[in-house]
Amino acid sequence: MLSVRSLHVDYPAEGGAVNAVRDVSFDVARGTFFTLLGPSGCGKTTTLRAIAGLERPRRGEIEADGRIVYSAGKDIFLAPNRRNFGMVFQSYAIWPHMNVFKNAAFPLEVGRRRLGRKEVEAKTMRVLAAVGLDDLADRAATKLSGGQQQRLALARALAMEPTLLLLDEPLSNLDAKLRERMRFELTRLQRELGVTTVYVTHDQSEALALSHAIAVMNEGRIVQIGSPADIYQRPRDRFVADFIGSTNLLDATVIAADAQTGRCRIATALGELHARGNGLSRDEAVVLSIRPEDVELFDEPPACADGDNLCCGTVDAKVFLGDYLDFQVKVGERLLLARAHPSLRAAPGAPVHVRIKADKCIAISDRRAGSPE
Amino acid sequence: MTIIATTAIFDSTRQRLEPQWIVIGVCIALVVWLALVPLAFLLWQSFLTPQTAAEPARFTLENYAAAYASGETARLLGNSLTFAVGAAALSFVLGTAFAWINERTNTAFKSLFLALALVPLVIPSVLFTVAWIFLASPKIGIVNLVLQSWTGSDAAFVDIYSLGGMIWVDGLHYSPMAFLLMTAAFRSMDPALEEAALMSGAGLLQVARRITFRLAWPAAVAALLILFVRAIESFEVPALLGLPAGIEVYTSAIYQAVNKYPSEVGLASAYAVVLLLITALCVYTQSRLSRHDTRFATVTGKGFRSRRVDIGRWRYLTAALFVLYFAVLVLLPFLVLLWSSLQKFYSVPSRAALATVGLDAYRNLLDHPGFAASVLNSALLSLGSATFVMLVTSVICWIVVRTRMPGRLLLDSLTSLPLAIPGLVLGLAVMVCYLKLDVGVYDTLWIMFIAYVTRFMPYGLRPTTTSMLQIHKELEESAAMSGASWATTFRRIVLPLIKPGLIAGWIYVVIVAVRELSSSILLYSPGTEVISITIWELWQNGQYVELSAAGVMLMSVLFCLVMLAQVAGRKFAIIEP
Ligand SMILES: Nc1ncnc2c1ncn2[C@@H]1O[C@H](COP(=O)(O)OP(=O)(O)OP(=O)(O)O)[C@@H](O)[C@H]1O
Ligand SMILES: [Mg+2]
């Protein structure tokens, strides 16, 4: 549906140009929710704006719905107002001189399609109803709360029945509670309407909760594309592992690797461990990533299946975070972050047994482990 | 022991406070005096009959009766409003259109245009008006002559001596002001608001009409008010173009009343009081508006985004429009002055006249003893008043921004009050005031110095305040903690830190002081002429070629000053590009 191929975007700056986006390529299937995820300044907004047509790329090609909207080679650049993409800006960009209805109706009143007044009204009310703003239609846009503004911006972007919906950190201006709720509503709306969506965020939990597919960006490049589960469980490199949620990263060396099963044995500061990793060879330096929730803690020695890693440690610190307990466990000289159920009683200083399933130990080759290119 | 220590501290604080209070007190007293006392005298004078040898002045309402109950009243008010509204509207339309093109499209060579925008504003009005007389008067206007030779008819196509001509010259001259005001307005807008409209499918012009201009509305109203006030207090255009055609507005009526024999200062004051009411009302509304336009302020987008729309090949057309605009605004007036300055007697360009080109006018002018004196006077007055204004306003600004002194906001308003006083009215008020208070400044340069300082205080206050607001209070406090006295702190810490604002304000005041005419015209006497007055006198004496020579030199110097100021501005980042 949307296909971005080797996109390069520069900004003119003093002393040369800033290469904000470098060789970015990805495809978004029709009706799916695609997220660009990355730290601040990595070029997500720039990529999104290039798709929207608000920024003119230097190289590459963008095709949406079978139509090439930008191509450096064929010298095509379709103006943003001809692309029929809906966009929600980070600041919402609600027009303060119009009321709620006027804001949402605007896309139906401008541009090439000419709709009758009745039709505009019907469509606008329908989309306002979809975001739950129909009873506020006559309210001045400046008199809306943050969440309402956000929904209005969404309604406005949806009113034009866009071929593609572009969202730039739409939840970042909301407080935590509201963000949670809007995240839920956004998923519901997207799934109901089936509109192809490109979403930009720097919040990994948001990305994991919302998306069908995620592209993790760093310094203007895409470092990994995959499903949320993929990205979370099988980070391709140290940067992704570190960026997507907190993780334990250990330097290690491969002792033995089985290319068939993807299993390997590695030497770490915790001792020898079973792990999973692709394309590794003997004696290779790797980084081991273990998610805190995969570090299981027990008061008594637990049952141990084949391939489970077991070791002993002492509780160093524990923090109660409501739904779970965060532990720091000292194993040898290493501190491991573990997330456990609040029922675990072990007090700081007490010995604990640590079990980590081999499948949850991801060995990442150090050759591409976050090495800056 | 403790007691001794406490007394010592107490003593030392008292000693430290003293110079501080003297400086602060003197500055406050000065501002109050400058801003209020002349106005009080003006008001008082407007209720008095002319004082003659036979009869002392007495209380009367006749001045107001003469000014406002006669048949003249409606005509005067009508002319003034038509002229001011017309000129403001013309400036606004031109300035806004060009500001929009410059800010929202990728017109070619645009950085050049912004740099040039200040140039017309430093050209003295009297010169600009005279240049347009040369260009468009019915008899000698080059435009008429060219059109006549094209069409073969001998009708006057354009007549600068008309209400339309006045509006054209004044509106054109101040359109760069609208350009700068609206540029600022367009820049302060969240670009996402326009991008959202673009994404909704709206075209460039639809976005401009339905979003950009709607959002700029409060700023536009404020700009219109500023332009209106500026136009209604304009003196040169109404005097040079209106009076010969019998079109009187308030400013020219005031001038006529004072220069009549016997002079009718009371009547002039009555006119002035009403003119002052109009301008004060507008300035007040404008300042209220600017304070309240946060209503339209929205969360601004993250970081800077360029928001220029690619208009393809149209960008050369818009660039051509800019070139045309600057040609009409600066180049044409300059060239016509240059031409006439090279002649012995004023004559329109022709092959015969080309043969007589020479530098006689410049020679005559430089030999004229009054000219050198007026250059010296202008230099003294502009440099002196600029320096004095910046010193006083830096203290005032410190009081307003840094202290919790009661009445400090009133002080701020008082310092800004002269913004609402038309130059001619201020000149009249100062004249009346120091005629009555015989302190020996009348007929000297000092009275002009007083008028200049009063008039330009607001221009000094604003950049200084902007600078001061950016400086953290702790920088001063740490100096005080290091043991520095208030005076030392002010001299060593505050002044250097607000230097960018001070320099910007100083340059601005120097420039506006050099082109000042409307206050000086009522205050000068033989020997205290300034450059603009000399130009005015040359015009009255019919010495057109010498006038042109003076104009060419003055414009060249001012142009260099502006360019220098911009370079300095970019270096110290004081003038926003
Ligand atoms: N108008 C501009 N001119 C010059 N450089 C820019 C401009 N806009 C962005 N950049 C630079 O381009 C890079 C990418 O910016 P971008 O806004 O795409 O980041 P982002 O991933 O959206 O970050 P954030 O999460 O903070 O919004 C940054 O290094 C930024 O400094
Ligand atoms: Mg961004």
Side-chain angles (χ1 to χ4, degrees), chain A residues 11-13 40-41 45-46 48-49 51-56 77 79-98 102-113 140-143 146 149 152-153 156-162 164-166 168-169 172-173, chain B residues 104-106 110-111 185-186 188-221 289 292-315 570-571 573 577:
Chain A
Y11 287 112
S40 181
T45 300
T46 309
L48 196 75
R49 289 171 59 88
I51 297 172
L54 295 171
E55 221 71 65
R56 205 187 179 115
F77 180 82
N81 51 334
R82 304 275 175 74
R83 294 193 180 187
N84 195 38
F85 296 168
M87 181 154 174
V88 174
F89 292 79
Q90 188 169 3
S91 61
Y92 305 145
I94 299 296
W95 298 306
H97 60 300
M98 301 180 185
K102 288 256 176 60
N103 261 285
F106 185 88
L108 301 171
E109 292 170 347
V110 297
R112 300 234 179 127
R113 303 149 293 165
T142 42
K143 304 241 157 61
Q149 284 190 25
L152 176 54
R156 185 176 64 190
L158 290 172
M160 57 200 286
E161 289 162 15
L164 187 63
L165 182 63
L166 307 172
D168 188 358
E169 309 211 13
S172 68
N173 281 342
Chain B
R104 291 296 188 266
T105 68
N106 62 341
K110 42 193 296 175
S111 53
F186 290 146
S188 64
M189 219 175 268
D190 179 1
L193 292 171
E194 288 164 88
E195 287 171 354
L198 214 55
M199 291 309 293
S200 303
L204 181 62
L205 293 179
Q206 269 175 321
V207 175
R209 190 165 54 81
R210 299 196 51 172
I211 309 292
T212 317
F213 287 116
R214 292 296 176 79
L215 290 172
W217 186 237
V221 173
L289 258 182
H292 283 282
D293 70 3
T294 43
R295 185 164 63 95
F296 277 87
T298 42
V299 193
T300 52
K302 244 181 155 188
F304 172 79
R305 294 283 179 195
S306 83
R307 46 194 130 150
R308 283 165 189 161
V309 177
D310 190 347
I311 52 169
R313 253 170 295 162
W314 289 92
R315 60 196 294 256
R570 214 158 298 143
K571 197 158 164 213

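Chain A is the first sequence line, chain B the second, and so forth, proteins listed ahead of strands; every chain is numbered from 1.
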| request: Can you sort out the partners of Arg56(A) under side-chain hydrogen bond (donor to acceptor under 3.5 Å, both in side chains), two or more places apart, ordered by chain and number? | output: Asp310(B)
| task | Considering non-hydrogen atoms only, spot the tightest contact between Ala93(A) and Ala192(B) and give its length. | result | CB-O, 3.4 Å
| said: At a 4.5 Å cut-off on heavy atoms, which part of Phe85(A) comes close to chain B: side chain, backbone, both, or neither? | reply: both
| query | Asn81(A) side chain to Leu198(B) main-chain N or O, any donor-acceptor pair under 3.5 Å? | reply | no
| Which heavy atom of Arg210(B) sits nearest a heavy atom of Met98(A), and at what distance? | O-CE, 4.0 Å
| said: Apply side chain to side chain contact (heavy atoms under 4.5 Å, CB included) to residues Glu195(B) and Arg49(A) and explain how you reach the verdict. | reply: CA-CA 10 Å; Glu195(B) 287 171 354; Arg49(A) 289 171 59 88; 2.8 Å; yes
| Phe106(A) and Ile211(B), any side-chain heavy atoms less than 4.5 Å apart | yes
| Which atoms form the tightest heavy-atom contact between Asp190(B) and Ser91(A), and what is the distance? | OD2-OG, 3.1 Å
| query | Of the non-hydrogen atoms in Phe89(A) and Ala196(B), which two are nearest, and what is the gap between them? | reply | CE1-CA, 3.4 Å
| note | salt bridge (charged side-chain N to carboxylate O under 4.0 Å, His left out) pairs touching residues 197-206 of chain B, sequence neighbours excluded, are none
| Heavy-atom closest contact (Leu166(A) atom, Met199(B) atom, distance) | CD1-CE, 4.3 Å
